[in-house]
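Protein chains get the first letters and strands the later ones, always in sequence-line order, with residue 1 at the start of each.
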There are 2 protein chains.
Amino acid sequence: MPFASLLVDRIPIYPVSSIVAVMMDQEIVDRISSIVGDKGFSASKAYTYAYSFDASIYHGKADMVIQPRDVKQVSEIMCIAYEHRIPVTPRGSGTGLCGSAIPLKGGIVMDMSRMNHIERISVEDLLCVVQPGVVYEDLNRALEPYGFFFPPSPGSGEACQVGGMVALNASGMRAVKYGATRDYVLGLTFVKANGDIVHAGSGTLKDSSGYQLARLMVGSEGTLGIITEVILRITPRPKTSAMALLAFDELETAGEFVAALIAEPLIPSSLELMDNVSIDAVNKAMGNPLPDCMALCMVEVDGEPEMVEKELITVERVARKAGAQEVELSHDRKVMNSWTSSRKSVMTALSSLRPGYSSVSLADDMVLPISKIPVAVKAFQEISSRHGVILATYGHAADGNLHTKMLIDARDREQWLAAERTAREIFQTTIRLGGSVSGEHGVGISKVPDFMGERSTAISTMAEIKRAMDPYNILNPGKLFQWERESSLYGLRYPCEPR
Amino acid sequence: MPFASLLVDRIPIYPVSSIVAVMMDQEIVDRISSIVGDKGFSASKAYTYAYSFDASIYHGKADMVIQPRDVKQVSEIMCIAYEHRIPVTPRGSGTGLCGSAIPLKGGIVMDMSRMNHIERISVEDLLCVVQPGVVYEDLNRALEPYGFFFPPSPGSGEACQVGGMVALNASGMRAVKYGATRDYVLGLTFVKANGDIVHAGSGTLKDSSGYQLARLMVGSEGTLGIITEVILRITPRPKTSAMALLAFDELETAGEFVAALIAEPLIPSSLELMDNVSIDAVNKAMGNPLPDCMALCMVEVDGEPEMVEKELITVERVARKAGAQEVELSHDRKVMNSWTSSRKSVMTALSSLRPGYSSVSLADDMVLPISKIPVAVKAFQEISSRHGVILATYGHAADGNLHTKMLIDARDREQWLAAERTAREIFQTTIRLGGSVSGEHGVGISKVPDFMGERSTAISTMAEIKRAMDPYNILNPGKLFQWERESSLYGLRYPCEPR
């Protein structure tokens with residue numbers, strides 16, 4: 001992709017002769033590299049190429065990669081970027097699935113990986129203070145000796161960084177009981193587009209002192225500021241857990257079970273649903289680890305041993321009453337891990353179903369009111385079969401968060417278009433059912449059009465805030481808002497039907 | 001107070017000849033009253049006087065009181081207010097303690113009390129949808145048959161409205177276990193200064209679709225929009241609860257107990273602390289219901305009966321190990337209620353201690369890192385004794401939220417000034433210890449100077465957002481930001497020491 005095509009033509013970042021011009025303006029490059037030092041700076045082709053990608057299907061091209069060491073360096077770099085209108089794309093581990101870390105408009109990729117210190121664990125204050133580059137599971141390993149943890153558990157937990165989790169409001173299987181990242185951010189420090197350092201929120205459990213800027217930063221995907229420190233609430237680690245594997249002969253029955261369990265009320269620590277396409281794919285690829293059925297629920301309960309026991313009995317009772325064909329219970333960590341890994345292997349299992357075909361994530365991460373899960377899964381199946389696409393649906397049923405994977409020959413243009421049409425209809429169905437296009441992955445690049453339709457009444461307010469905090473649109477430009485598809489950069493109203 | 005003195009001189013709301021001018025512009029009045037009808041409109045002296053006050057020490061004067069019935073009426077009124085630059089102060093039950101509902105700049109008080117419908121309780125979706133005028137305890141009574149509740153439990157729960165709770169991020173005794181209002185707002189609808197209706201967030205448990213506008217609205221005190229509907233997460237009601245009353249001979253010992261209990265880890269549903277002044281006052285006024293000691297903790301644990309039993313044993317063990325003089329346990333609702341009401345009667349008890357003296361709340365609602373509670377209480381005692389003021393300190397020790405009451409003869413100017421100096425030093429000490437001037441009451445009018453000092457790095461970003469969303473400063477003007485004390489209306493930087 002030629003660099004020039006990545007430029008925003010309405011923001012005078014660089015002259016359109018572009019990369020040459022940047023490279024020639026050695027003074028700017030020197031100023032930036034002198035701030036972070038040789039080890040924190042690269043403009044080499046290899047480096048900038050490596051940072052062109054994240055875990056999404058998109059790519060961009062940065063002019064330079066910066067790895068700051070502290071908030072002061074971040075602030076100094078932002079001052080230069082602000083002065084010269086240089087785009088800055090902050091980046092964690094690049095595990096995001098929607099393109100949030102792609103340097104779509106060139107400029108600087110700011111890799112936060114070197115700011116990876118756990119600054120403080122204060123159990124008596126129920127919080128920890130971390131730099132954004134701390135890896136999620138590293139933090140939990142550090143918290144374990146105290147009997148505490150930071151619960152959101154994203155699927156990429158072994159790689160993803162806390163800063164990225166905050167930027168995308170990441171979560172995972174445990175959100176129904178423990179909430180998402182937004183529920184744990186007590187405070188954070190961020191650097192604004194103009195280089196100002198802002199301390200938002202506080203190191204206290206309660207906070208009614210003005211606007212909740214820390215919570216506004218959660219999910220802002222690097223478009224409002226660079227997060228340089230996070231104060232996270234921590235919570236006691238459950239003593240033990242157990243699981244139930246439940247097979248149903250109808251998807252609706254599984255849906256009724258979920259509703260009945262919650263109305264009990266029993267809030268499981270996780271409740272995963274798999275449809276028959278997902279089950280078939282896993283069984284074919286992995287030698288039938290799962291019961292052959294139309295829908296499967298994996299329920300996890302956690303806490304004190306006696307409560308776990310009691311809740312597991314309730315899960316079985318509710319499941320049998322709802323009409324579960326098969327109920328299997330386990331306290332064995334090995335068995336539970338094998339069930340969980342079956343659930344996690346849907347994508348790879350699907351890819352091995354048909355030679356030349358691969359599994360693609362075009363419509364993932366829809367979130368719905370919990371009670372709408374069965375009708376949504378049915379509708380997704382109907383949509384995909386109408387377009388002749390094999391679709392697997394699974395996800396965190398108890399918090400309403402569904403993922404789908406499509407099996408297509410991606411080299412076949414017709415199949416790709418059918419997959420895209422399927423994705424679009426899945427998003428529209430989700431919105432019609434009162435859901436949202438992103439539960440835990442963010443909007444990034446991939447979900448912009450549907451996000452703008454879904455949030456049509458809110459988008460202009462979001463744009464007002466963006467414009468107020470980043471008047472030159474240098475922070476992660478091209479994300480969330482389709483600036484480049486609009487005739488005016490700001491004050492846009494996307495022509496979508498209201499919610 | 002003459003009406004003219006309440007006008008903002010830099011915003012041309014009305015000519016300074018003021019109320020006469022408003023009254024004469026019968027066309028505006030007619031347009032507004034025709035929107036809400038006779039029952040929803042009053043400009044009578046009696047009505048506007050009644051709405052001059054809330055539960056704080058401040059007062060203002062509105063030109064008219066409006067009671068809208070639905071979001072459409074709110075939007076139509078805001079369109080007129082926007083066109084004519086009329087200040088609008090939204091109001092719930094007026095139970096706020098910091099002046100957030102005072103119509104400081106005249107104009108319209110928008111009383112949301114008539115929008116008091118619980119629109120939907122959806123247990124299977126773990127949420128309810130309510131209008132802002134629903135009273136907190138009414139909502140909980142409606143949720144009780146389902147076995148669910150909305151936990152924040154503000155002290156004014158029998159009167160305060162959900163809209164006000166959201167506007168102030170209210171909470172109460174249970175926040176250490178259950179969080180504050182901000183942790184329950186999944187979505188909300190609000191009307192902007194210009195009359196636009198915005199749907200923020202969604203009716204789903206997860207949400208990574210763009211900026212968390214719903215959470216930004218939490219704690220914005222009516223300065224960013226009028227809340228017309230709230231989607232709240234609900235949570236299972238604990239089956240039972242029990243309490244421990246713990247007497248300590250040193251404040252530090254009580255503080256060590258709190259830290260030890262949390263490090264156990266055991267998160268109580270509430271943990272109230274009273275210092276010796278509070279204990280003495282209650283004992284003298286109410287016939288010695290409490291043990292005579294230097295510090296008292298009331299710990300509540302809740303949940304399933306077997307867990308409550310287990311946790312109560314832990315509380316006793318940790319308390320004895322920390323050096324509690326006296327430990328009393330109870331499962332009896334009557335006994336527990338009497339303990340709780342002793343704690344709640346500090347203010348009145350203090351007022352009856354000395355004839356002619358009364359208890360005033362100048363420095364209430366400080367919030368600190370939990371571990372700083374003992375040193376903070378000690379410091380508050382030292383400050384008040386240095387100024388010759390009798391000070392009682394008590395509060396939600398496990399979430400770090402402290403309240404103080406001072407006993408003074410409020411007619412004595414010297415005593416009042418001493419109380420004010422004491423309050424100022426208490427706030428400064430709180431900030432120095434890493435705390436915040438408001439945990440659950442908001443900033444309103446009373447906390448503006450200390451809030452601006454505490455949040456000195458964040459205040460200009462808050463002002464940018466305010467300006468972007470309410471360019472004419474018509475929404476609850478005079479709150480949060482000290483507009484009127486600044487020479488420029490926007491873009492201010494308050495000259496305070498950084499945090």
Side-chain angles (χ1 to χ4, degrees), chain A residues 123-125 147 168-169 171 175 180 182-183 197-200 202-213 215-216 218-220 236 259 262-263 265 304 306-307 367-371 399-401 434-443 451 455 457-458 461-462 464-465 468-469 480 499, chain B residues 123-125 147 168-169 171 175 180 182-183 197-200 202-213 215-216 218-220 236 259 262-263 265 304 306-307 367-371 399-401 434-443 451 455 457-458 461-462 464-465 468-469 480 499:
Chain A
V123 161
E124 66 274 27
D125 295 324
L168 299 181
N169 188 21
S171 57
R182 65 178 172 184
D183 301 305
I197 298 168
V198 177
H199 300 288
S202 66
T204 56
L205 290 193
K206 288 179 173 177
D207 175 12
S208 289
S209 288
Y211 302 164
Q212 304 273 320
L213 290 187
R215 304 245 165 159
L216 174 66
V218 177
S220 62
I262 283 170
E304 294 288 315
E306 54 272 54
M307 286 310 303
V367 63
L368 293 125
I370 306 165
S371 60
D399 59 34
N401 195 192
S436 177
V437 298
S438 177
E440 58 186 23
H441 295 175
V443 173
F451 158 68
R455 301 288 161 114
T457 68
T461 303
M462 294 185 196
E464 281 165 6
I465 293 170
M469 290 177 67
L480 287 179
R499 254 186 115 163
Chain B
V123 161
E124 65 272 28
D125 295 323
L168 299 182
N169 189 22
S171 57
R182 65 179 174 185
D183 301 304
I197 298 168
V198 177
H199 301 287
S202 67
T204 56
L205 289 194
K206 287 180 174 177
D207 176 12
S208 290
S209 288
Y211 302 163
Q212 304 273 321
L213 291 187
R215 304 245 165 159
L216 173 67
V218 177
S220 63
I262 284 169
E304 295 287 316
E306 52 271 56
M307 286 310 302
V367 64
L368 293 127
I370 306 166
S371 60
D399 59 33
N401 194 191
S436 176
V437 297
S438 178
E440 56 185 24
H441 294 174
V443 173
F451 158 68
R455 301 290 161 114
T457 67
T461 303
M462 294 186 197
E464 282 165 5
I465 293 170
M469 290 178 68
L480 286 178
R499 257 187 111 160

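Looking at B:Ile197, only its backbone comes within 4.5 Å of chain A, counting heavy atoms on both sides. Only the side chain of B:Asn401 comes within contact range of chain A, judged by heavy atoms closer than 4.5 Å. Both the backbone and the side chain of B:Glu440 come within less than 4.5 Å of a heavy atom in chain A. The parts of B:Tyr211 that come within reach of chain A are both its backbone and its side chain, each placing non-hydrogen atoms under 4.5 angstrom from that chain. Of the two parts of A:Met307, only the side chain, counted from C-beta on, holds a non-hydrogen atom closer than 4.5 Å to a non-hydrogen atom of chain B.
Counting heavy-atom pairs closer than 4.5 Å to chain A, the top residue among B:Gly400, B:Ala180, B:Gly147, B:Ala468 is B:Ala468. Chain A forms the most heavy-atom pairs under 4.5 Å with one residue out of B:Gly219, B:Ser371, B:Ala263, B:Gly442, and that residue is B:Ser371. In terms of non-hydrogen atom pairs under 4.5 Å with chain B, the most contact-rich of A:Leu205, A:Val443, A:Leu168 is A:Leu205. Taking chain B as the reference chain and counting heavy-atom pairs below 4.5 Å, the highest number among A:Asp207, A:Val123, A:Val367 is found for A:Asp207. The residue among B:Val437, B:Leu213, B:Ile465, B:Leu216 with the most heavy atom pairs within less than 4.5 Å of chain A is B:Leu213. By number of non-hydrogen pairs under 4.5 angstrom with chain B, the leading residue of A:Asp125, A:Asn169, A:Val198 is A:Asp125. Chain A forms the most heavy-atom pairs under 4.5 Å with one residue out of B:Pro369, B:Ala259, B:Ala458, and that residue is B:Pro369.
Take A:Ala175 and apply the side-chain contact (heavy atoms from CB on, under 4.5 Å) test, not counting sequence neighbours, and it matches A:Ser171, A:Asp399, B:Lys206.
To the nearest 0.5 Å, the span separating CD on A:Glu304 from CD on B:Glu306 amounts to 11.0 Å. Note: B:Met469 CE to B:Glu464 CD = 14.0 Å, rounded to the nearest 0.5 Å.
With hydrogens and angles disregarded, a donor-acceptor distance shorter than 3.5 Å links the side chain of B:Ser209 to the backbone of A:Ser438. Using modelled atom types, no side-chain atom of A:Arg182 and backbone atom of A:Arg215 make a donor-acceptor pair closer than 3.5 Å.
Of the N and O atoms on the side chains of B:Ser436 and B:Arg455, at least one donor lies less than 3.5 Å from an acceptor on the other residue.
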